[in-house]
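Notes for the one structure printed next.
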Amino acid sequence: MNIDPRPLYTRATEQIAALVRTVRPEQLAGPTPCAEFDVRTLLSHIAGGTRRIAVVGAGGDGMAVRPFLDGVEDDRWSAAYDEVRTEVQKSWADDARLDALVTVPWGETPGRIALSGYVMEAVTHTWDLSESLGRPLALDPELAEFALGIARRVLPDERRDDEELPFDSAVPAPEGADAYGRLAAYLGRRPLS
């Protein structure tokens, strides 16, 4: 795989930022497709994971970064996410970062592969957040198709018995599911409704 995932990652973060701007205070304690997260915790994880990939892009130890952003006031999620996604753009600006070996939760890999994995994670959490908020915005299907391709490549169903893996075994996609629905089903997620 020799693509430059930065434009896709940027689009994914723009889409998340648009969703985060729709979050109302009364939704923060609401459920998400990630059973262990409410909306507030999901936002914390989205922002914390984004901070982690910024550190990776800057050549730092992403594994030393907790994938949650703590201490964000309820009315500051949009600003907090915008800050960390700007860090990602800066840290991955040098083309050399795409071929540099980096360490991410799934191992040591070239930067372009790591960032592609984070596109998958960002797009997956976009679906999680969208489901949690009642699907307030249309989502970019090209991003979901890319993320599904990455998921199929790096997460074959037979490898999902690992307790540390944050994805369950695939479930059947609902009939007529769009690319996001197929991605979510492949990663073992089910719609809230």
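Predicted model only: the values in this text are computed from it and were never measured. Atom set for the values below is all heavy atoms of this structure, side chains included, hydrogens, waters and symmetry mates excluded.
- Checking side-chain atoms of R6 against main-chain N and O of A93 turns up a donor-acceptor pair under 3.5 Å.
- You'll find the side chain of M120 stays beyond 4.5 Å of the side chain of P5, heavy atoms only.
- Rounding to the nearest 0.5 angstrom, the gap separating the CD1 atom in I53 from the CD atom in E87 is 12.5 Å.
- Taking 4.5 Å as the limit, every side-chain heavy atom of V55 sits out of range of all side-chain heavy atoms of D61.
- Side chains of S130 and P136 form a contact here, defined as non-hydrogen atoms less than 4.5 Å apart.
- Counting non-hydrogen atoms of neighbouring residues, nucleotides and ligands closer than 6.0 angstrom, the CD atom of E26 exceeds 12 such neighbours.
- For the atom pair CD of Q27 and CG of L133, the computed distance is 5.0 Å after rounding to the nearest 0.5 Å.
- For the pair V56 and G62, the tightest heavy-atom approach, listed with the atom from each and the gap, is CG2-CA, 3.6 Å.
- Electrostatic pairing of D4 and R112 does not count as a salt bridge here, judged by no charged N lying under 4.0 Å from a carboxylate O.
- Using a cut-off of 4.0 Å between Lys/Arg side-chain N and Asp/Glu carboxylate O, R51 and E83 are scored as not salt-bridged.
- Of all heavy-atom pairs spanning L183 and A151, the tightest one is CD1-CB, 4.2 Å.
- Judged by distance alone, the side chain of E131 and the main-chain N or O of P33 form no donor-acceptor pair under 3.5 Å.
- With respect to E142 and R11, a salt bridge is recorded, a charged nitrogen being found less than 4.0 Å from a carboxylate O.
- Once rounded to the nearest 0.5 Å, the distance linking CG of L19 with CZ of R135 reads 12.0 Å.
- R189 places a side-chain heavy atom less than 4.5 Å from the side chain of C34.
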Run Q15 and L137 through side chain to side chain contact (heavy atoms under 4.5 Å, CB included) and show every step you take. CA-CA 9 Å; Q15 184 168 254; L137 304 173; over 6 Å; no

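- Distance check: T124 OG1 to L129 CG gives 12.5 Å after rounding to the nearest 0.5 Å.
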Return a table of donor-acceptor pairs under 3.5 angstrom between the side chains of residues 37-48 and protein atoms on other chains or two or more places apart.
| residue | atom | partner | partner atom | Å |
| --- | --- | --- | --- | --- |
| D38 | OD1 | R40 | N | 3.3 |
| D38 | OD1 | T41 | N | 2.8 |
| D38 | OD1 | T41 | OG1 | 2.8 |
| R40 | NE | D74 | OD1 | 3.0 |
| R40 | NH2 | D74 | OD1 | 3.4 |
| R40 | NH2 | D74 | OD2 | 3.1 |
| S44 | OG | L69 | N | 3.0 |
| S44 | OG | L69 | O | 2.9 |
| H45 | ND1 | P67 | O | 2.8 |
| H45 | NE2 | E121 | OE2 | 3.1 |
| H45 | NE2 | H125 | NE2 | 3.3 |

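- Here I16 contributes atom CD1 and D82 contributes atom CG; the two are 11.0 Å apart, rounded to the nearest 0.5 Å.
- Neither I113 nor M63 shares a network with the other; the hydrophobic side chains, linked directly or stepwise wherever heavy atoms of I, L, V, M, F, W or Y lie under 4.5 Å apart, form separate groups for each.
- R52 CZ: more than 12 foreign heavy atoms inside a 6.0 Å radius.
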Apply side chain to side chain contact (heavy atoms under 4.5 Å, CB included) to W77 and L28, showing your working. CA-CA 10 Å; W77 283 111; L28 290 168; 4.1 Å; yes

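- For the pair Y81 and A17, the tightest heavy-atom approach, listed with the atom from each and the gap, is CE2-N, 3.8 Å.
- A donor-acceptor contact shorter than 3.5 Å is absent between the side chain of Y180 and the backbone of D128.
- In the hydrophobic clustering of this structure, V88 groups with F68; members are Ile, Leu, Val, Met, Phe, Trp, Tyr whose side-chain heavy atoms approach within less than 4.5 Å, directly or through other members.
- Residue T50 holds its OG1 atom at 4.0 Å from OH of Y9, rounded to the nearest 0.5 Å.
- Between R21 and S78, the shortest heavy-atom contact is CG-OG, 3.3 Å.
- Following chains of ILVMFWY side-chain contacts shorter than 4.5 Å, one can reach L143 starting from V154, so the two form part of one hydrophobic cluster.
- In this structure the side chain of L101 reaches within 4.5 angstrom of the side chain of P110, judged on heavy atoms.
- The shortest distance between side-chain heavy atoms of W127 and P191 falls below 4.5 Å.
- Residues Y186 and L139 fall within the same hydrophobic cluster, defined by Ile, Leu, Val, Met, Phe, Trp and Tyr side chains chained together at heavy-atom separations under 4.5 Å.
- Smallest separation of non-hydrogen atoms from V123 and A12: CG2-CB, 4.1 Å.
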From CA spacing to verdict: side chain to side chain contact (heavy atoms under 4.5 Å, CB included), Y118, V104: CA-CA 10 Å; Y118 277 97; V104 289; 3.9 Å; yes

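- Nearest heavy-atom pair, A144 versus A179, reported as atom, atom and distance to 0.1 Å: CB-CB, 3.5 Å.
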